[in-house]
There are 2 protein chains.
Amino acid sequence: MSDADFEAVRKSTGTALLPPDQAISHSLSRAIHEHKLSPGIKLGEDELAEVYGVSRTVVRTALRTLAHDRLVEIKRNRGAFVAQPSPRDAQEVFEARELLEPRTAREAARRASSADIEKLLHHVAHEHEASTEGDRGLALYLSGQLHVEIAKIAGQQTITGFIETLIARSSLVVALYWRRESAICGHHDHESLVRAIEGHRPEEAEALMKSHLVDLHSALDLSRPRAGSGTLKDLLTGV
Amino acid sequence: MSDADFEAVRKSTGTALLPPDQAISHSLSRAIHEHKLSPGIKLGEDELAEVYGVSRTVVRTALRTLAHDRLVEIKRNRGAFVAQPSPRDAQEVFEARELLEPRTAREAARRASSADIEKLLHHVAHEHEASTEGDRGLALYLSGQLHVEIAKIAGQQTITGFIETLIARSSLVVALYWRRESAICGHHDHESLVRAIEGHRPEEAEALMKSHLVDLHSALDLSRPRAGSGTLKDLLTGV
DNA sequence: CAGCACAAAATTGTACACAATCTGACCCGG
DNA sequence: CCGGGTCAGATTGTGTACAATTTTGTGCTG
């Protein structure tokens, strides 16, 4: 009966089948992952409402969702801003990843099905492709998502959820504290890691993940707190 | 000028000085901790709006917050319900706790200041008092909060956040899968744990935390999935 | 010209109203 | 007697209007 109308609604909504507020939070989240939105940028409600063609109500719930994941910071009566993790936050995020992810990689290597492996290989290929084509944003996004995929394979949904938020925050950390411009994220690391999972070698996967994270961590420069707390500094330091 | 009105509003809101939606989510969260709200109960928006004396708008944001912490489940166009973790969820929650908390306890034992220890001792005393007075709800709440306090002392805010959500979910797990009615949570365990922290014995604190969690975990009966998915079963099983 | 006070604009917070959707009961035909 | 369909009631989803707060701009005063 109402299937036709339903279809029409789905098309008009745009992204289809998922609630509008989730569509928006995903869109913003991805934009942050891709470094299209820099830390500190203000996310005005009216502005976003117009962009996405919905009312402020929906935008607000999306912003609250992102705030809960620490991707944006909501200051009462002042608005929502893309979060600026402090050096300490950055440190903690990577410490937490170093605690959770190696174990996850090990478990993934134990449990990975052929379908899982297929997906990982495809993912790495896609990532490599994006990188060589110069789509830095997409490459960054996929680089993070690989870690999420591995966590999913390990089968612990709860911990996977934690890792997802850590990876999201990591993209902010990278935006603020990354030292060298080139060599975004060792493709070689990812490749050998996936290969260890493919070969069902848990110990190796765990070790590779650990060293991979330590490498990333050591590539950060946490000495200079580019994220003060106000907007002044950002403008003065030139972003 | 409007200070008088402001004060009136603050008093009517009850908890004062924190945003109304947070006050509500905290209130609901605590009610869940204290097992005053059982898993599966429907949290109607109009109902809550009237109870707290605010509009549905505010209630909705509070419910979204709780949903993000997996304390309530929001079913689209159907409403918000206190979550019913599946046996698998329960398993995962405790596995995650066994991974995170022992390490946290060790770090807490290393870093605890005298003020921290003071607070822990006071906390344990309060917990014991509530327990002997028969205030099961308060005892449950404090029992969980002790774990949070220990995590805070360890100084890793990010991981503390994870633990907070895990503890909240644990209270739901306990409500659904707890086997024996008596012996809520070994006070002896908590006491010796705090003493190990007080004496700055990291290894012992870690071991005690680990065994404490294993004990709790083993006191669950995950065989019978009391949490189907619908409201039917609940009514039939009587709750 | 600097500093402060006040006022206007812009933005967020909350309440309310309407639209969309789900639930349950009732009715009717098989 | 049972199953399907339709309609009414209730509940959630979204848009909009208004209130509160912050910010910015202006003008006065020392």
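Model, not experiment: these values are computed from the prediction.
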Next item on the list: Give a yes or no on whether the backbone of B:Lys119 and the side-chain of B:His123 come within a donor-acceptor separation of less than 3.5 Å.
Entry: no

Notebook entry, point to check: In chain order, what residues pass the side chain to side chain donor-acceptor pair (under 3.5 Å) check against B:Lys36, with sequence neighbours excluded?
Noted result: B:Glu34

Note to self: Counting only heavy atoms and a strict 4.0 angstrom limit, can you tell me which residues of residues 59-71 of chain B come near DNA chain C?
What the structure shows: none

Item checked: Residue list, side chain to side chain donor-acceptor pair (under 3.5 Å) with B:Ser170, at least two apart or on another chain -> B:Arg97

Item checked: Interatomic distance where CG belongs to A:Leu43 and C1' belongs to C:dT12 [whole Å] -> 14 Å

Next item on the list: Mind checking side chain to side chain contact (heavy atoms under 4.5 Å, CB included) for A:Ser29 and listing every partner two or more places apart, or none if nothing turns up?
Entry: A:His33, A:Leu66, A:Leu71

Checklist line | Value in whole Å for how far the P atom of D:dT12 lies from CD of B:Glu73 | finding: 15 Å

Checklist line | Rounded distance (Å) that lies between atom C1' of D:dT12 and atom CD of B:Glu47 | finding: 14 Å

Next item on the list: Consider the side chain of A:Glu45, meaning its heavy atoms from C-beta on, and name the nucleotide among C:dG13, C:dA15, D:dT14 that approaches it most closely.
Entry: C:dG13

Checklist line | Nearest-angstrom distance from the residue atom CD1 of A:Ile74 to P of D:dT22 | finding: 16 Å

Next item on the list: Output all residues satisfying side chain to side chain contact (heavy atoms under 4.5 Å, CB included) with A:Arg70, sequence neighbours left out; order by chain, then residue number.
Entry: A:Arg169

Checklist line | d(CZ, B:Arg56; P, C:dA17) in whole Å | finding: 12 Å

Check: In whole angstrom, what separates B:Asn77's CG from D:dG13's C1'?
Finding: 7 Å

Checklist line | Distance in angstrom units between A:Phe81 CZ and D:dT22 C1', rounded | finding: 11 Å

Next item on the list: Just call it for A:Arg76: base, sugar-phosphate, or nothing, with non-hydrogen atoms closer than 4.0 Å on any strand.
Entry: sugar-phosphate

Note to self: Can you identify which nucleotide, out of C:dT11, D:dT16, D:dT12, has its nearest atom closest to the A:Lys42 side chain?
What the structure shows: C:dT11

Check: Judged by modelled atom types alone, do B:Glu164 and B:His147 share a side-chain donor-acceptor pair under 3.5 Å?
Finding: no

When the side chains of residues 149-157 of chain B are checked against the rest of the protein, which donor-acceptor pairs come out under 3.5 Å, sequence neighbours left out?
| residue | atom | partner | partner atom | Å |
| --- | --- | --- | --- | --- |
| B:Gln156 | NE2 | A:Glu95 | OE1 | 2.5 |

Next item on the list: When you get a sec, tell me which of C:dC22, D:dT14, C:dT12 is the closest nucleotide to the side chain of A:Ser55?
Entry: D:dT14

Check: Within the pair B:Arg78 and C:dT23, is there a side-chain N or O less than 4.0 Å away from OP1 or OP2?
Finding: yes

